[in-house]
Structure formats: structure tokens, C-alpha cells
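Note sheet for the following structure.
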Amino acid sequence: MKEKEISLGVIGVGHWGPNHVRNFIGLPNCRVAVVADSNKEALARVSKQFPGPKTVQDYKKLLAGDAIDAVVVCTPTSTHYKIVRGALAAGKHVLCEKPLSETGAQAKDLVRLAKAKKRVLMVGHVFVFNPGLLKVKEIIDSGETGKIYYLSAVRTNLGPIRTDINVAYDLASHDISIFNFLLGKTPLSVSASGMAFLQPGIEDVTFISLRYPGDVIASVQTSWLNPKKVRQLTVVGSRKMVTWDDLELVNPVAIYDRGAGLTGDYRGYGEFLRIATWDGEVRLPKVSPEEPLKVQDRAFLDAVLGRAPVRSSGEFAAGVVEALEAARKSLRRRGAPVEL
Ligand SMILES: NC(=O)c1ccc[n+]([C@@H]2O[C@H](COP(=O)([O-])OP(=O)(O)OC[C@H]3O[C@@H](n4cnc5c(N)ncnc54)[C@H](O)[C@@H]3O)[C@@H](O)[C@H]2O)c1
């Protein structure tokens, strides 16, 4: 039997939305039928680049009727809750850009609605589909790294500066999704410090520490106000250490046979415990160069077509939003830890 063709609408075609349009146009079993954006110029730009899809300024027109099966929501974060709620209520499958919402309560409400409507709710935590990070996950899950001690991430650049959410919601949402994905857990507590240098109340630099079950700690530094673009992660385990650098196109992942531990070479009570370090080989595993957004968009279609379970689900995204909300509370309390 011929598989159904999914008729898709993309809401929000500013900076990021056109990348979804391009990827979905290139995928089988899918037709980008409509794009919506309240900004006429954004619609004109996308029509020039991708002629074909109809354009509308009011996204509600796209949600009305049965012509569209699924939508991609790629508008600013502060609008996600309302638009995603409307789309699910209208019976559409939804792929929403990250972060899903501003509060955990909103995220959980959307998860409940998607369940009630029996619709796919997936969130564009694109790094969960990044071949380099899938490799890091494979290495951790194989036991090669031993017990994970800590993870640390840095994500900085000069801009783009958002006006509706702080830099943690914009950028640390990526790293928290990476931590939760790699550890298969959500944090127990979050503390954050940061500053709003450019816009009152909207932090442009944050330092967030997270505590996970099993005495694992993680930290992420994010900034819109930094001379250098950095996207890096370090995972330190009891047996090996792993690094990932998103800007390294050929070898983004490196596995270091390096570490430190107690040696058997100590003489009992009252004596020094000896800690020895080791410094062995570095391995650069092969990583597929496939575009992560394409992998993610294909996974959404697979979920809508019932070919694969939903990855980066609404529940997963709610875990990220709850951590971000905790970070925001901690920022207001000058870094005091917030329990989850
Ligand atoms: N996964 C990633 O790596 C990645 C990268 C960039 C952005 N994003 C996410 O994508 C989303 C959009 O980011 P962006 O950089 O494209 O923002 P943007 O501001 O460049 O574009 C947003 C577009 O949405 C439109 N819009 C706003 N409100 C609307 C409404 N009510 N109805 C219809 N259109 C509306 C705006 O006119 C604009 O064209 C954000 O959630 C962001 O976090 C994700």
C-alpha cells in the first residue's frame, strides 16, 4: 500500500524556519503546503527561495480545516504555548522549536493535550539528533567512560540577541537537553548566576550548575556577549574522558584514555593516599556528517507516519523547560539552588 503523504505547514519563517522548509521539501512522504508568518517580508523572502507553498499571515488560517496534517512552530519562544495549543486543539501533529514553552506547567499542559488528541508532539532539541552527540551517547552507554563524574559545556557567541527570553532559555536549553539525553535523567537541583547587561531583566550571560541523580554534576556557560563562537562539551568519567566540538566538522568527538585514580600503592591508615594520573591514546571515532536538522525533521515524519516512536517528545522537552524555569528562579535569588 502506498504510504500517506503528510501535508505540512510551517509557522514562523524568520531566521530558522526556512531551514525547516528546505529540509521538509527534500524529504519523501511530505509536502510543504503552507507557510505562515505575521511578517509579510519574511513570507516574501521564503517564497522567493522556495516557490510552491502557499503563504498566509494569520497562522490560524493554516490550522482551520483538514488540509494540513502537521505543523512546525518556529516562532519566538514566548509565542510557542499559544500557537502549539491552538495547533493541537485543531488536531494537528506538532514539531515545535525549542524550548517548548516558558514554564513547566505550560509544557505539561501541552503534553496532556497531545495525549488527549492522540497527536505527536515533538520538540526541536536538535542536538538529540546530532550524529556527534549520538556517538557520545553510544560511548557512555557502552560503559567505556566508566562512571560519569561530570559534564561541562560552553555555548557563546556575539548575538543573535533575543528580546523575549534570556540567554539560558535560548542557548542553555540546548546543553540541558544534551545533559538530560546523555544521562537519561533530569536534574535534581539547579543554581544559576548571570547578568542582564544589554536589556533590563533579560540575562545575556549565565553560568548554570545542575546536580543529577547518582552524584553527577554538570555546568553550562552561555553568552550572547562574547567575542568567540564556542559550542563545546566535555564528559569526564572514571575511566575515560570525551570531548565534543560542534564547530569541528571532520572529527567533532574525541575519546581520551586519560584520568586519575587511587593507586593500590599506599600504606594504610595515617599514610598518604596516592593518586596517579594516566595519559593514554586519543581516539577520533567516525561520525556521520549528516545535517542534524534533517535527521530531526525526518524523525518527526517517521513519528507522524507511525514508523518510529517519538524522540525528543513533549515529556522530554518539559524536563528541559522545568530546569530552565528553575534556573530563572535561581537567577532571581542570586544563585541559590532550586530543587526540582
Ligand atoms: N534548533 C536550533 O538550533 C535553533 C536555531 C535558531 C532558532 N531556533 C528556535 O526557532 C525559533 C525561532 O527562532 P528564529 O531565530 O527563527 O526567530 P526569528 O525572530 O528570526 O523568526 C521568528 C518568525 O516568527 C514570526 N512570528 C512571530 N510571531 C508570530 C505569530 N504569532 N504568527 C506568525 N508568525 C509569527 C516572526 O515574524 C518571524 O519571522 C525559536 O524558538 C528559537 O529558539 C532553534
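Values below: every heavy atom of this structure, side chains too, minus hydrogens, waters and symmetry copies. Read the numbers this way: they start at 1 and go in the same order the structure lists the ligands and their atoms.
Among D175, D246, D245, the single residue meeting the salt bridge (Lys or Arg N to Asp or Glu O under 4.0 Å) criterion with R155 is D175.
The closest protein non-hydrogen atom to atom 27 (C) of ligand 1 is P76 CD, 3.4 Å. Nearest protein heavy-atom neighbour of atom 18 (P) of ligand 1: H15 N, 3.9 Å. Looking at atom 40 (C) of ligand 1, its nearest protein heavy atom turns out to be T75 O, 3.5 Å. Closest to atom 16 (O) of ligand 1 among all protein heavy atoms lies W16 N, 2.8 Å. At the shortest separation from atom 21 (O) of ligand 1 among protein heavy atoms lies G14 CA, 3.3 Å. Ranking the protein heavy atoms by distance from atom 31 (N) of ligand 1 puts I83 CD1, 3.9 Å first.
Shown here is K115, whose NZ atom has no more than 12 heavy atoms of other residues, nucleotides or ligands within 6.0 Å. For K137, the NZ atom is densely surrounded, since the number of other residues' heavy atoms within 6.0 Å is greater than 12.
No side-chain donor-acceptor contact under 3.5 Å links D69 and H93. At a cut-off of 3.5 Å, with distance as the only test, a side-chain donor of Y81 or D109 sits close to an acceptor on the other residue.
In the candidate list Q296, K98, E97, E97 is nearest to atom 10 (O) of ligand 1, counting heavy atoms.
Under 4.0 Å from ligand 1, the heavy atoms of R162 that appear belong solely to its side chain. In Y59, the part holding a heavy atom less than 4.0 Å from any atom of ligand 1 is the side chain. With a 4.0 Å cut-off on non-hydrogen atoms, D37 touches ligand 1 through its backbone as well as its side chain.
A donor-acceptor distance shorter than 3.5 angstrom exists from the side chain of K92 to the backbone of I68, with no hydrogens or angles considered. At distances below 3.5 Å, not a single donor-acceptor pair connects side-chain atoms of S223 with backbone N or O atoms of V205.
Distances below 4.0 Å separate heavy atoms of G12 from the following atoms of ligand 1: 24 (O).
In terms of polar-atom proximity, defined here as any N/O pair under 3.5 Å, S38 does make such a contact with ligand 1. For a threshold of 3.5 Å applied to N or O pairs, the pair formed by T79 and ligand 1 contains no separation below that value.
Residues that satisfy the side chain to side chain donor-acceptor pair (under 3.5 Å) test with S288, not counting sequence neighbours, are absent from this structure.
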